[in-house]
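Here's the structure we're looking at; comments come further down.
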Amino acid sequence: MMIIGSIINGKERSETHRETLEVRNPYNQEIVAKIALADKSDMEEAINNSVKTFETTMKKMPAFERAEILRKAADILEEKAEDFAAIIMQEAGKPIRHSRAEVKRSIQILRFASELSKNINGEVLPMDAALRGENRMGMVKRTPIGPVGAITPFNFPLNLSLHKIAPAIAAGNTVIFKPAEKTPVSAFMLVKLFKEAGLPDGVLNLVLGTGETVGSHLTTHKLVPKITFTGSLAVGKMIRDTAGLKKVTMELGSNSPNLIFEDADLDNAVDKLVMAAFGYSGQVCVSAQRIYVHQSIYEQFLEKFIEATNRLKIGDPCEESTDIGPMIDKGAASKTKAWIDEARDQGAKVETGGEQDGTVVPPTILTNVKHDMKVVADEAFAPLVSVMPFETEEEAIQRTNDSVYGLQAGLFTKDINRAIRVADSLEMGGVWINEASSYRQDNYPYGGLKESGIGREGVKYAIDEMTEMKFIGINLNG
């Protein structure tokens, strides 16, 4: 049985006296590993060590060294891609094909960060543009912010962790890394990988513990100037309320809308939206949860969508042919079933799916829903989607925007004028045209409006969030 512990200043903390927590495969409940849990004193040590390492090591490390470490990390991850995919499949229950895709994206993040670490630029300002600015020179530099607290979720345990860690290292910061309790093994392997790539001890400190015990200590600590968090709205609000004057980046989820207009390529829309709604059992922040379809093609789309959904293979995530595996645990599956039952009791029609078998909930399509039902208004984070008709462009926009969330949307149309007009009207951090809301690349600014979050990820933009601007002015007559 693998027992793993926190790694602070290069030393693992897995002593036998510690309380342990089991990590189980969500599909078959086999034990994957046990965590030796950290406490507040471990987090305090990790923070203090990160502060010291920032001052003694990272502030002095030149960009080419940071770039080389990140490049080596990418190469090692590429060599060990199958090992990482296998552990993601086991601890997160993600189908193996999708786990491999996550690893491939993660390699790309490291390579983006390696390239960008050598190009963190400031600017020279024309000081004589202002009154009395003659014979003066102004420079704006970007400097690392210091220790970064990174708190990550279970659904993309490698990719979303590297969206925080890789830009932080590229910018010259240290990191205190607190991953989700349900997916700690890939985090443990990642820290070991960085060590192999040449990252000095103390630059990336891993603390394995609960949010209540160590997470809150991290988010409120006065020596941590930056928190980057992906997770629930409730926890995000708590962090924002207690973080004080820290810089905070938060991605808090959505109930992502997708609009299908009468001139859309229906086969393309169906193909994209089936996996957008049900990939990784809908446990994706930008999963397609609301689909609005023009009335004239509503029945045609719905028929095709149901047929495509019913072709998805549900089963063991270790099998190559599996499309849909389990949810992260039985509690998540039971909550999903309760939401479906509540919607049905309120008049919704279950077109397919709607049942529960342990941790597995089959892809579920709902129609005849109302806008204030939980399955429409709240974030389901589950394999369920509501399909609703609309009559006019204005109605589609209004219904899309009538939400507390605003992360990412998709729309399907062949009319470029309409596409840009609607995209500009949607209250979203991102809009994809002729692509589903769930599509994401790792090099564009990703983040939401309203209660979907604060700040942006995407390597270049995360580096901006993890650096400070410093102005230096020179009087040339001095």
**Request:** Fit a plane to each ring of Tyr280 and Phe156, take the angle between them on a 0 to 90° scale, and name the class: parallel (under 30°), tilted (30 to 60°) or perpendicular (over 60°).
**Result:** perpendicular
**Message:** Assess whether a salt bridge exists between Glu78 and Arg111, defined as any Lys/Arg side-chain N lying under 4.0 Å from an Asp/Glu carboxylate O.
**Reply:** yes
**Message:** Tell me if a side-chain donor or acceptor on Lys247 pairs with a main-chain N or O of Thr467 at a distance below 3.5 Å.
**Reply:** yes
**Item:** Between Ser334 and Gln356, a side-chain donor and acceptor under 3.5 Å
**Value:** yes
**Prompt:** Do you know which two heavy atoms are closest between Ser14 and Gly5, and how far apart they sit?
**Reply:** CB-N, 4.0 Å
**Message:** Between Asp323 and Arg311 (salt bridge meaning N to carboxylate O under 4.0 Å), is one present in this structure?
**Reply:** no
**Request:** Decide yes or no on side-chain hydrogen bond (donor to acceptor under 3.5 Å, both in side chains) for Ser186 and Glu91, but give the supporting numbers first.
**Result:** CA-CA 8 Å; Ser186 54; Glu91 66 178 354; 2.6 Å; yes
**Message:** Quick one, Arg13 and Asp42 - any side-chain contact, counting heavy atoms below 4.5 Å?
**Reply:** yes
**Asked** Which distance, rounded to the nearest 0.5 Å, do you find between the CD of Glu427 and the CG of Asp402?
**Response** 9.5 Å
**Asked** When you look at Leu162 and Leu190, which way does the side chain to side chain contact (heavy atoms under 4.5 Å, CB included) test go after all the steps?
**Response** CA-CA 9 Å; Leu162 281 171; Leu190 179 61; 4.0 Å; yes
**Candidate pair Thr219 and Ser216, rule side-chain hydrogen bond (donor to acceptor under 3.5 Å, both in side chains), full reasoning** = CA-CA 5 Å; Thr219 59; Ser216 59; 5.8 Å; no
**Message:** For the residue pair Thr57 / Lys52, report whether a side-chain donor-acceptor contact shorter than 3.5 Å exists.
**Reply:** no
**Asked** Taking it one step at a time, do Asp442 and Arg105 satisfy salt bridge (Lys or Arg N to Asp or Glu O under 4.0 Å)?
**Response** CA-CA 7 Å; Asp442 301 297; Arg105 281 184 57 195; 2.7 Å; yes
**Request:** Could you pull out all residues at least two apart from Arg142 that satisfy salt bridge (charged side-chain N to carboxylate O under 4.0 Å, His left out)?
**Result:** Asp464
**Message:** Please check this pair: side chain of Glu465 against backbone of Gly455, looking for a donor-acceptor N/O pair closer than 3.5 Å.
**Reply:** no
**Item:** Donor-acceptor contact below 3.5 Å, side chain Ser287 vs main chain Gln289
**Value:** no
**Asked** Between the side chains of Gln29 and Tyr27, is a donor N or O closer than 3.5 angstrom to an acceptor N or O?
**Response** no
**Request:** Report, as yes or no, whether the 6.0 Å neighbourhood of atom NZ on Lys72 holds more than 12 heavy atoms from other residues, nucleotides or ligands.
**Result:** no
**Item:** Worked check of side chain to side chain contact (heavy atoms under 4.5 Å, CB included) between Glu251 and Cys285
**Value:** CA-CA 9 Å; Glu251 195 268 280; Cys285 295; 3.3 Å; yes
**Message:** I'd like to know whether Glu12 forms a side chain to side chain contact (heavy atoms under 4.5 Å, CB included) with Lys192, so could you lay out the CA-CA distance, the side-chain angles of the two residues, the decisive distance to 0.1 Å, and finally the verdict.
**Reply:** CA-CA 10 Å; Glu12 185 179 347; Lys192 294 281 192 180; 4.1 Å; yes
**Item:** Crowding at CG, Asp357 (>12 non-hydrogen neighbours, <6.0 Å)
**Value:** no
**Message:** Whether the side chain of Glu379 engages the backbone of Asn255 through a donor-acceptor N/O pair (distance < 3.5 Å, no angle test) should be reported.
**Reply:** no
**Message:** Does the Lys NZ or Arg CZ of Arg440 fall within the cation-pi geometry relative to Tyr446 - under 6.0 Å from the ring centre and within 45° of the axis?
**Reply:** yes
**Prompt:** Looking only at heavy atoms, what is the nearest atom pair of Ala38 and Val214, with distance?
**Reply:** O-CG1, 3.8 Å
**Asked** Does any non-hydrogen side-chain atom of Pro144 lie less than 4.5 Å from one of Phe54?
**Response** yes
**Prompt:** Between the main-chain N or O of Ser161 and the side-chain N or O of Thr152, is there a donor-acceptor pair closer than 3.5 Å?
**Reply:** no
**Prompt:** Taking it one step at a time, do Phe188 and Ile35 satisfy side chain to side chain contact (heavy atoms under 4.5 Å, CB included)?
**Reply:** CA-CA 10 Å; Phe188 182 83; Ile35 314 172; over 6 Å; no
**Request:** Evaluate the ring planes of His221 and His217, with Trp represented by its six-membered ring, and classify them as parallel (under 30°), tilted (30 to 60°) or perpendicular (over 60°).
**Result:** perpendicular
**Asked** Passes salt bridge (Lys or Arg N to Asp or Glu O under 4.0 Å), Glu435 versus Lys272? Steps please.
**Response** CA-CA 7 Å; Glu435 184 60 79; Lys272 296 286 175 57; 3.6 Å; yes
**Request:** Spell out, as yes or no, whether a donor-acceptor pair under 3.5 Å connects the side chain of Asn173 to the backbone of Val148.
**Result:** no
**Asked** Given Asp341 and Arg344, is the salt bridge (Lys or Arg N to Asp or Glu O under 4.0 Å) satisfied, shown in steps?
**Response** CA-CA 5 Å; Asp341 290 345; Arg344 184 191 281 118; 2.8 Å; yes
**Item:** Note, Thr367 side chain near Ser386 side chain (heavy atom, < 4.5 Å)
**Value:** no
**Message:** Restricting to non-hydrogen atoms, name the atom on Met428 and the atom on Pro257 that form the minimum distance, rounded to 0.1 Å.
**Reply:** CE-CG, 3.5 Å
**Prompt:** So do the side chains of Lys94 and Met89 get within less than 4.5 Å of each other, counting heavy atoms only?
**Reply:** no
**Prompt:** Would Thr249 and Lys226 satisfy side-chain hydrogen bond (donor to acceptor under 3.5 Å, both in side chains), going step by step from the backbone distance to the final call?
**Reply:** CA-CA 8 Å; Thr249 300; Lys226 169 71 181 180; 2.4 Å; yes
**Prompt:** Short question: side chain of Asn25, backbone of Glu30 - any donor-acceptor pair under 3.5 Å?
**Reply:** no
**Request:** List the atom of Leu218, the atom of Met43, and the distance in Å for their closest heavy-atom pair.
**Result:** CB-CE, 3.8 Å
**Request:** Provide the closest heavy-atom pair for Gly93 versus Pro317 in the form atom of the first, atom of the second, distance.
**Result:** O-CB, 3.6 Å
**Asked** Which residues pass the salt bridge (charged side-chain N to carboxylate O under 4.0 Å, His left out) test with Arg100, sequence neighbours left out?
**Response** Glu82, Glu320
**Asked** Looking only at heavy atoms, what is the nearest atom pair of Leu273 and Ala436, with distance?
**Response** CD2-CB, 3.9 Å
**Side chains of Leu366 and Val375 in contact at under 4.5 Å (non-hydrogen atoms)** = yes
**Request:** Decide whether Lys164 and Thr230 meet the rule of one side-chain donor and one side-chain acceptor closer than 3.5 Å.
**Result:** yes
**Request:** Decide, yes or no, whether a salt bridge links Arg18 with Glu15 under the criterion of side-chain N to carboxylate O below 4.0 Å.
**Result:** yes
**Asked** Hey, are Asn49 and Asn205 close enough side-chain-wise for a donor-acceptor pair under 3.5 Å?
**Response** yes
**Message:** Any non-hydrogen side-chain atom of Arg290 less than 4.5 Å from a side-chain atom of Val387?
**Reply:** no
**Prompt:** Do Val103 and Leu77 come close enough that some side-chain heavy atom pair is under 4.5 Å?
**Reply:** yes
**Request:** Begin with the C-alpha distance, continue with both residues' side-chain angles, and end with the deciding distance and a verdict on salt bridge (Lys or Arg N to Asp or Glu O under 4.0 Å) for Lys195 and Asp201.
**Result:** CA-CA 7 Å; Lys195 171 79 170 179; Asp201 290 342; 2.7 Å; yes
**Message:** Between Glu319 and Pro95 (side chain of the first, backbone of the second, donor and acceptor by atom type, cut-off under 3.5 Å), is there such a pair?
**Reply:** no
**Message:** Take a 6.0 Å sphere around NZ of Lys450 and say whether it holds more than 12 heavy atoms from other residues, nucleotides or ligands.
**Reply:** yes
**Asked** Quick one: does Ser6's side chain have a donor or acceptor within less than 3.5 Å of a partner on Leu208's backbone?
**Response** yes
**Prompt:** Counting only N and O atoms by type, is there a donor-acceptor contact under 3.5 Å from the side chain of Lys335 to the main-chain atoms of Ala380?
**Reply:** no
**Asked** Does the side chain of Glu181 come within less than 4.5 Å of Val23's, by heavy atoms?
**Response** no
**Message:** Testing the 3.5 Å rule here: is there a donor-acceptor pair between the side chains of Lys313 and Thr322?
**Reply:** no
